[in-house]
J.: 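One structure, pasted below without further comment.
The structure presented is a predicted model; accordingly, all values stated were derived computationally and were not measured. The analysis underlying the following values was restricted to heavy atoms, covering all of them including side chains, and did not include hydrogens, waters or symmetry mates.
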Amino acid sequence: MAVIDTLGLPNTKGRKPLIVAQIVDALGTGLFLPFAVVYFHAAKGIPLTTVGLMLSVGALLSLPAGPLGGPLIDRIGPRRVLIASNLIRVLTFTAYVFTDTPWQLVVLVTVTLWGDSLFRPAVAALVAQVADDGHRARWYAMDRSLRNVGIGVGGLVGSTLVGWGGTSGYTAVVVLNAVSFLLAAGLVASWRRTAVLPPVGGGGPAPAGDAPGQPRGGYREVLADRAFLGVLATVCVFALCDLALTMLLSAYVIEARGLPAWQPGMLFAINTVMVMLAQTAVARAVERYRRTRVLQVASVLWMVSFALFAAVSGEHVGLAFGGLVLGMVVFTVAELLQAPTSSALTVAIAAGHLRGRYLGLEELMWSLARVMAPTVFTWLLARGAGLPWFALCLCCLAAVVVLQRLHRVLPAHVQRETVHG
């Protein structure tokens, strides 16, 4: 147990089916994620520009999923919503195999993204229920580490299948992803919380659906929480910072700076390995500090990383790579601080009977960022290599100011884990 605590891992007794479900889900996601665009082009014969339009339309149409899923989580409980989100994606990924008509694929992509947008707040709400008091951030950290491992391994398997089977390999990837969602749904459905006591820390009682007779509320009550509106503003900033890794860095390194195409892959590998090895330990190390302060430090570190990226020149490949590596290390440390802390802060603020709605609005911020990031980043990059990084620095500076206000108004039990032992 001492080793487990040193590594920052939470108590998983009685909750192993949930952990295995997350690993299986991540493996399936890793199979498909690297080929999400290429699949529709290579296996379905759809032009890349049309594929991009399909995915953008699907992302826009899925924006209401988080806010609409919030009341569902509050009413029937996160476990049922999590099972439903997995089953939705079983159906859509199975259907991908049997159609190559663009408008039908747009419908399927949209429904898939609705499933994704239900999945994320449902997982966060379920973690809030099952985590031991004071260890929510550890659970969010462990979940993130496991997902990185699963996605990494799944990506290797998917690459092997595609390289070996061509079009048939793409089909195998999609089918296996559907199977992974089915297995994950079965594992979550098999779990019962009889042996697990609900956490007694901040965040209120368990949501409706797990205990009848809970008080009712709506989005009017959530939107009246001014402190939470400040948290939402920081969530949007942090989402843009996170998306810079996947939607901006490669284009910046290869196109704007003219550096070798192998460099982004190495930078992604550094990020993935650091998250896998250090996420839970970092969550443990900062759990006794106020969350607003931790998030301010993350914001400042992101600003440092963006400055390092912007300072890179394409004239000396080795020196440029050294600067990029240093920037990526700082970027990842910021990510390690922010990801579990931000999730734990949202859950701590939320009243238990409205937790799904709070998390649904958090998901909406992420969805908006996913819609905005490709257009905004590419528009800024076309007008100056350093402009996207400068804009992100300004966003982080705004987040620091908002968090300073939150530091003054949020009560201590919301800002810090209640650690025992």
J.: Provide the full list of side chain to side chain donor-acceptor pair (under 3.5 Å) pairs with a residue in residues 161-175, sequence neighbours left out, each pair given once.
T.: none

J.: Got a sec, which residues hit salt bridge (charged side-chain N to carboxylate O under 4.0 Å, His left out) with R144, two or more places apart in sequence or on another chain?
T.: E335

J.: Considering only residues two or more places apart or on different chains, which pairs with a residue in residues 43-71 satisfy ring pair (Phe, Tyr, Trp, His ring centres under 6.0 Å)?
T.: none

J.: Does any pair with a residue in residues 357-380 pass ring pair (Phe, Tyr, Trp, His ring centres under 6.0 Å), and if so which ones, sequence neighbours excluded?
T.: F228-Y358

J.: Considering residues at least two apart in sequence or located in another chain, which fulfil the side chain to side chain contact (heavy atoms under 4.5 Å, CB included) criterion with S145?
T.: Q279, T280

J.: side-chain hydrogen bond (donor to acceptor under 3.5 Å, both in side chains) with D242: which residues, sequence neighbours excluded?
T.: none

J.: Output all residues satisfying side chain to side chain contact (heavy atoms under 4.5 Å, CB included) with C395, sequence neighbours left out; order by chain, then residue number.
T.: V237

J.: For residues 369-376, please give each side-chain donor-acceptor pair under 3.5 Å, one per line with the distance, not counting sequence neighbours.
T.:
none

J.: Suppose we screen for side chain to side chain contact (heavy atoms under 4.5 Å, CB included). Which residues come up paired with L187, at least two apart in sequence or across chains?
T.: V20, A21, V24

J.: Which residue pairs satisfy the salt bridge (charged side-chain N to carboxylate O under 4.0 Å, His left out) criterion with at least one member in residues 147-170, sequence neighbours excluded?
T.: D25-R147

J.: Kindly write out the residues that satisfy side chain to side chain contact (heavy atoms under 4.5 Å, CB included) with L113, not counting sequence neighbours, or none if the list is empty.
T.: A59, S62, V109, D116

J.: Applying side chain to side chain donor-acceptor pair (under 3.5 Å) as the test, list every pair that has at least one member in residues 172-185; sequence neighbours left out.
T.: N177-S180

